Protein chains: 2
Amino acid sequence: MSLPPPVILDRASPVPLYFQVAEQFEQAIVDGKLHPGDRLENEIELARQLGLSRPTVRQAIQLLVDKGMLVRKRGVGTQVVHGQVRRPLELTSLFDDLSGTGQGPRSRILRLTRIPADAKLSHALRTAPGHELWALERLRLIGDDPLAILRNWLRTDIVDLSAFDLENEGLYGSMRRANVSMSLARQRIGSRRATADEAELLNEEPGAPLLTMERTAYDNEGRVVEFGHHVYRPDLYEFEMTLLQK
Amino acid sequence: MSLPPPVILDRASPVPLYFQVAEQFEQAIVDGKLHPGDRLENEIELARQLGLSRPTVRQAIQLLVDKGMLVRKRGVGTQVVHGQVRRPLELTSLFDDLSGTGQGPRSRILRLTRIPADAKLSHALRTAPGHELWALERLRLIGDDPLAILRNWLRTDIVDLSAFDLENEGLYGSMRRANVSMSLARQRIGSRRATADEAELLNEEPGAPLLTMERTAYDNEGRVVEFGHHVYRPDLYEFEMTLLQK
DNA sequence: AACGTCTTAATGTCCTGACAAACTATTGAC
DNA sequence: GTCAATAGTTTGTCAGGACATTAAGACGTT
């Protein structure tokens with residue numbers, strides 16, 4: 001005897017039905033109502049219970065399969081994955097999430113100025129040399145401990161920045177408000193020694209190892225909208241990610 | 001006037017039709033027959049030209065959208081993405097690819113022994129303390145330059161390892177031959193100072209920064225099948241990845 | 001030239017239906 | 001008890017269809 005599917009559908013909602021189903025199954029997994037190893041009802045039975053078509057149910061399940069939360073096997077069924085995937089590294093997580101709860105990370109703006117692009121920046125941002133850019137530099141802290149130095153450069157003709165907006169909505173929020181959409185970003189994670197300035201800002205010794213992350217973000221038209229270079233104290237930070245077999 | 005779709009379907013093939021379509025579109029993008037910014041025929045017309053149903057064509061397109069090669073927009077159409085995604089970091093790329101071509105990286109086995117699991121390893125591999133493990137340590141080189149020290153631990157009851165097999169097919173190949181399938185892996189990328197031993201092996205100064213990567217791989221049943229800890233010379237290596245907007 | 005409206009184009013969502021393939025369980029023969 | 005064959009279960013693939021929503025272009029008016 002299996003549980004009814006933990007789903008209540010709202011056909012009046014603008015949220016697609018397949019998405020509602022996926023979200024509620026995901027919530028059931030996260031909440032512990034569905035446990036690793038649990039098997040779902042077969043697709044035809046699920047569709048019948050939910051009053052949906054089988055393709056719609058399959059589409060919902062596929063979303064969770066893509067997220068690594070469910071696994072399907074022909075002739076066997078659909079099962080909640082053992083060892084749940086933690087939230088994968090996503091585009092927006094590259095920007096500071098000013099959730100403001102508890103003792104989470106926060107950022108202090110060190111500098112926000114307009115500069116002409118030098119050769120390196122004009123190459124990274126695909127602009128003409130001398131093109132005007134925002135140069136944003138922030139110190140990221142956990143409590144009173146410095147965690148990272150975040151440097152970002154953006155074209156001034158794409159987005160307007162102010163210290164006030166950055167404090168309230170973060171860089172990503174400012175870009176979204178300027179209707180700058182990002183569809184993909186390339187990043188490289190590496191390591192090097194801290195410079196004297198970085199060491200001082202991060203309370204490290206000069207020459208101490210730093211974890212580095214350099215990123216170029218593109219919009220839907222393939223234009224570079226942002227270039228960033230971050231350095232982190234490796235004793236306080238590491239990049240965690242989940243890889244799925246394709 | 002648009003080009004015919006670059007697709008030849010083989011209905012006798014065991015490869016699903018949607019997959020054939022996706023593969024051949026992808027090939028056309030990679031080969032330059034389709035350029036960034038190019039728009040595909042609309043779905044209905046594509047389906048007609050290919051003699052397929054629209055859902056089948058949509059499934060093929062969705063594969064390439066998920067790979068970040070195509071982008072769709074309601075009311076507008078489907079377009080080849082500007083700024084193609086490079087091959088994303090995948091599970092198997094974590095293991096050495098002994099492609100043996102040119103001056104690619106190669107590995108020298110430093111040690112392959114059976115050891116009883118200590119507390120840390122039994123925790124990482126979810127075994128009882130004392131459980132027998134393979135301890136594999138390799139030095140990875142580019143030409144004559146040491147690049148990385150790769151350490152991996154696996155349960156001896158899951159896979160058999162030999163220096164011969166590792167030289168010929170790599171760790172991943174050995175696991176595949178033992179029917180060990182991995183569906184996901186968690187990894188953390190960080191940085192720390194080199195120990196004296198590591199520094200000597202990597203031709204670095206003691207205390208030099210190293211880029212580190214720790215990984216736990218799981219099979220389809222959620223069991224830990226491998227635990228690895230790699231350290232890289234950051235002047236010779238960085239992790240590069242592409243993130244897609246979800 | 002700018003703006004609003006309408007039409008057209010294309011994708012997004014959802015449905016019904018059928019058959020194939022892989023996996024598991026059952027049954028019968030030896 | 002073992003093995004092969006068969007049946008049952010479930011997902012995978014594919015087809016055809018309809019309506020909704022979003023986006024862009026054309027056209028008329030100011």
Side-chain angles (χ1 to χ4, degrees), chain A residues 1-2 5 7 9-23 25 37-66 69-81 179 181 183 219-221 246, chain B residues 1-2 5 7 9-25 37-66 69-81 179 181 183 220-221 246:
Chain A
M1 170 71 78
S2 52
V7 174
L9 294 178
D10 176 6
R11 283 182 181 266
S13 168
V15 177
L17 292 171
Y18 75 88
F19 200 85
Q20 294 180 41
V21 173
E23 261 187 335
F25 267 107
D38 278 1
R39 192 158 294 167
L40 305 189
E41 296 278 0
N42 73 66
E43 294 172 357
I44 297 178
E45 178 58 19
L46 257 187
R48 191 194 63 77
Q49 290 176 7
L50 296 174
L52 295 176
S53 71
R54 190 181 158 219
T56 303
V57 169
R58 281 180 58 79
Q59 191 172 351
I61 293 177
Q62 188 59 46
L63 274 190
L64 298 185
V65 169
D66 288 343
M69 305 187 83
L70 294 179
V71 63
R72 300 197 287 208
K73 208 161 181 179
R74 194 185 321 198
V76 178
T78 306
Q79 186 180 33
V80 180
V81 155
N179 286 327
S181 65
S183 56
D219 71 2
N220 286 332
E221 308 304 312
K246 288 298 194 206
Chain B
M1 169 73 76
S2 51
V7 175
L9 295 178
D10 176 6
R11 284 181 181 267
S13 169
V15 178
L17 293 170
Y18 76 87
F19 201 83
Q20 293 180 41
V21 172
E23 261 187 335
Q24 295 180 44
F25 267 106
D38 277 1
R39 191 158 294 167
L40 305 190
E41 295 280 359
N42 73 66
E43 294 172 357
I44 297 178
E45 177 58 19
L46 258 187
R48 191 192 64 76
Q49 290 175 7
L50 296 173
L52 294 176
S53 72
R54 188 180 160 221
T56 302
V57 169
R58 282 180 58 80
Q59 191 170 351
I61 294 176
Q62 187 59 47
L63 273 192
L64 299 184
V65 169
D66 288 344
M69 304 187 84
L70 294 178
V71 63
R72 300 199 287 212
K73 210 162 178 178
R74 194 188 315 197
V76 178
T78 306
Q79 186 180 34
V80 181
V81 154
N179 286 327
S181 65
S183 56
N220 286 332
E221 307 305 312
K246 287 299 196 207

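Quick note on labels: first sequence line is chain A, next is B, and so on, each numbered from 1. Bear in mind the structure is a predicted one, so any value in this text is a computation, not a measurement.
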Assess whether side-chain contact (heavy atoms from CB on, under 4.5 Å) is satisfied between B:Val80 and B:Leu70, documenting all intermediate values. CA-CA 5 Å; B:Val80 181; B:Leu70 294 178; 4.0 Å; yes
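Listed by chain and number, the residues in a side-chain contact (heavy atoms from CB on, under 4.5 Å) with B:Ile44 are B:Asn42, B:Arg54 (sequence neighbours excluded). With sequence neighbours left out, A:Arg48 forms a salt bridge (Lys or Arg N to Asp or Glu O under 4.0 Å) with A:Glu45. Applying the side-chain contact (heavy atoms from CB on, under 4.5 Å) test to B:Gln62 and every residue at least two apart in sequence or in another chain returns B:Val65, B:Asp66, B:Arg72.
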Contact pattern, 5' to 3', of nucleotides 8-17 of chain D - B, S or - by protein heavy atom under 4.0 Å: -BBBBBSBB-
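Pairs of residues two or more places apart, or lying in two chains, never qualify as side-chain hydrogen bond (donor to acceptor under 3.5 Å, both in side chains) while including a residue from residues 9-19 of chain B.
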